[in-house]
Amino acid sequence: MNRIIKSTVVALLLLISYGCNTTKDTTNKNEQAIIMATPFDAKIDSLMDLMTLKEKIGQTVMYSGDLTVTGPVVSNNNQKYVKEGVVGAMLNVFSAKATKDLQKIAVEETRLGIPLLFGYDVIHGYKTIFPINLGLAASWDLEDIKKGSRIAAEEASAVGIHWTFAPMVDISRDPRWGRISESAGEDVYLASQIGKAYVEGFQGEDLSKHNTILACAKHFVGYGAAQAGRDYHTVNMGEDELRNVYLPPFKATVEAGVETFMTAFNELNGIPATGNKYIFRDILKDEWNFKGFVVTDYFATNEMVVHGYAKDRKEAAKLAIEAGVDQDMMSNANHLYLEELVNEGEVDVKLIDDACRRVLLTKYKLGLFEDPYKYSDEQREKEVIYKPEFLEAARQSAAMSSVLLKNNVSSLPLNKTQTIALIGPLAKDKKNIIGNWAAEGDRNGKAISIHQGIQEYLSDSKIIYAKGCDIEGADDIGFGAAIDAAKKADKIVMVLGESYEMSGEAASRTNIKLPGRQTDLIKAIRKEVPNKKIILVLMNGRPLDLSEEDILVDTILETWFPGTSGGYGVADVLFGAYNPSGKLPVTFPRNVGQIPLYYNMKRAGRPMNPDNPKERYTSNYLDSPNSPLYAFGHGLSYTDYKYSDIKLSANTIGFSDTLTASVTVTNTGEYDGHEVVQLYIHDKVGSLTRPVKELKGFQKIFLKKGESKTVKFDVTIEDLKYYNASSNFDVEPGEFEIAIKGSSDFNFENTFRLE
Ligand code: GLC
């Protein structure tokens, strides 16, 4: 059959199967509504009936287009496989033109014309970059997080991207691990709420719209628990920790409708995640009824050979598809071996069909069969990128993400009459400020530096700048000029921290102090100007050991990496245009020796005696307190908030009751502001031991100075359930402690009973 007749026949068959509206649609609106209500299965069935085994396997294959590099292997020119109709998705291809060119090959030059998915790491923005995710988590502002991811989806979808590899919802309790920067921190409840907000922001209300994109919950599961905080390292944990800490945020994304999952690089209890049937088939797909698809992390299938779990890449391909992993990112193991494995009877073709179906379903949901080029619109690309309202939103997120860790004698806010010395390697920085995993964010001048932000408030005559030193390196040649600047100024603002490469993937550190000579620079200045106020502004991707700085400086403002509009947002905080309201989503330890250190730890049998911390035969250190430097949930304001005693609707509740707990919060200071009111409980006795405290709710409120508000929380039986010793997610009777505070740093004073 010659090519023209063949393609005509196939096209006709496809028209029947796709139900494309290329013929006049004669159905009336009601009938059309009924047709539209029909699930995509019928169309997928008829398309799959036409597909060869090779073409079905093609849907389980993803290659990189290498417009950027996000893994150890560069694939160079895998586009050639697109033409053969044996690729289902590409990553690291972006721009309306680049995606359209490749999509045309897939749609117009292959036998069945099945459109590609284009995936990319749009983690905290595409071009307009928001604060890094650990910073966004510090805002505790779910609506703002959702708004930022909606904006990211607007920009990404305008350059042909259908799918972001986000949100990362790995619980992260180890500051040595560089990817803590991408996380929502250490807490299950907060990370779960934030994971939902990202999914809702990226995927929007309707995936068939051209400005909504698939989200991807990653990295399933346990990646943040890598031994010694070393990336990709071994993970071992019991069912208690897996079920009660690391799984819940992922389950929250499934409840929010996340369309895809990504495997973690690590092994979990001896089995690499990418070949781990228990987590993907038993838990994700069976228990949680997940209908989306699972993609491996970059090259992760092949790495099962390196793990020592698969004898070769062919076995790795078999193990992955059997484990419920549907698409292979960059290993080309599926591409090379699955057909052979099916033909040898080693892999059941039903597994291929299921994986293929799941991938096709997302393409139908996106509307790519109706219009494969709807995301590759060069006009929209020009109109959408860097919209002023996007840059303004990023400025607000930067302000809301900043956490005021200390502020002795109200060194902040600054006023416009004072001259400041602006010192530090990150003060004029426009490169690191957008942090790691910054997609196509600009590092060559677009971002607003802290210096530029301050210039919005102070004339240059009132800013004396000195770099002082580099981020890394032993050089102190700039100390002198920095000291001179400090001597001439009323206040000293030092902008110090890490480079953006010092966090994110493959960026673990054993030393979590400020790198280089930065702390020495503070010491040198403090020595020369012992009585001047020093304000330390931090840019970093992880909790740092600030035990020395905490003694040396008067104020510490944690800004993480605040993004494209970061300089404006941080300056808004420095000058009081925005009263800081951020709260730590992760504990700041006193030293690396305390790690892992997080607020919701278990009590142990010989807890430290708070009245006698050095008491022998208790769980403490000879050389350090147990307490963190700054606790989870901590964050100061320019005003003060007074919490009244908690009121409970009952002292005892039954299994069908709801307890209402409330406090009155009063703004007793001189500034209007936002406060994150936090609800904590402690289940005192359980069939498994329970954490000493658990966040179970929060509300971010606004109070004018002098204003009071009563904040209420309803505590339901669902809030008290956990995965218990009987392997049930259930609640157990007994006594619970309860508190409503502005940080996790408190002692309980109230209880209630469940009977
Ligand atoms: C990387 C990361 C993952 C990312 C993927 C694609 O190795 O682990 O988070 O989404 O590869 O770039």
Side-chain angles (χ1 to χ4, degrees), residues 61-75 78 87-94 117-126 132-134 149 152 156 161-172 177-184 195 198-199 202 213-226 230-233 235 249-250 253 258-268 272-274 292-304 306-307 320 325-332 435-441 500-501 503-508 541:
V61 173
M62 173 193 262
Y63 283 119
S64 172
D66 295 333
L67 294 193
T68 185
V69 176
T70 58
V73 172
V74 177
S75 53
N78 281 303
V87 179
M90 295 290 290
L91 77 148
N92 297 339
V93 178
F94 39 82
L117 280 177
F118 289 109
Y120 191 46
D121 292 285
V122 183
I123 310 294
H124 52 105
Y126 173 73
I132 57 169
N133 304 85
L134 192 58
S149 48
I161 293 165
H162 306 127
W163 176 24
T164 179
F165 306 129
M168 185 270 220
V169 290
D170 300 309
I171 291 294
S172 306
W177 189 49
R179 303 200 76 165
I180 195 168
S181 63
E182 304 167 46
S183 79
Y198 278 122
V199 170
F202 288 129
I213 59 178
L214 306 174
C216 180
K218 71 183 186 183
H219 308 81
F220 203 59
V221 69
Y223 191 19
R230 204 168 85 220
D231 207 354
Y232 315 121
H233 202 355
V235 173
F250 286 95
T253 64
V258 74
E259 289 289 341
T260 69
F261 261 58
M262 184 183 288
T263 70
F265 285 123
N266 55 279
E267 68 166 66
L268 175 65
T274 303
F293 76 86
V294 176
V295 65
T296 73
D297 202 337
Y298 200 106
F299 210 64
T301 301
N302 289 350
E303 288 170 11
M304 285 199 273
V306 182
H307 273 287
V325 176
D326 304 300
Q327 193 173 76
D328 162 12
M329 180 193 287
M330 273 305 287
S331 290
N332 85 3
N436 62 72
W437 284 113
E440 289 310 291
Y500 79 94
E501 296 104 333
S503 58
E505 185 173 356
S508 297

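All ligand and atom numbering here is 1-based and tracks the order in the structure.
S64 places a side-chain heavy atom less than 4.5 Å from the side chain of Y298. Contact annotation: the side chain of W163 approaches that of M62 to within less than 4.5 Å [non-hydrogen atoms, C-beta and beyond]. Counting heavy atoms from C-beta on, the side chains of D231 and W177 come closer than 4.5 Å. In this structure, the side chains of F261 and T253 come closer than 4.5 Å at one or more pairs of heavy atoms.
Listed by chain and number, residues touching ligand 1 at under 4.0 Å (heavy atoms only) are T70, L91, D121, F165, R179, K218, H219, M262, F265, D297, Y298, M329, W437, E505.
Formation of a donor-acceptor pair under 3.5 Å by the S503 side chain with backbone atoms of G178 is not found in this model.
Note: Y120 and F94 have tilted aromatic rings, judged against thresholds of 30 and 60 degrees for the angle between ring planes.
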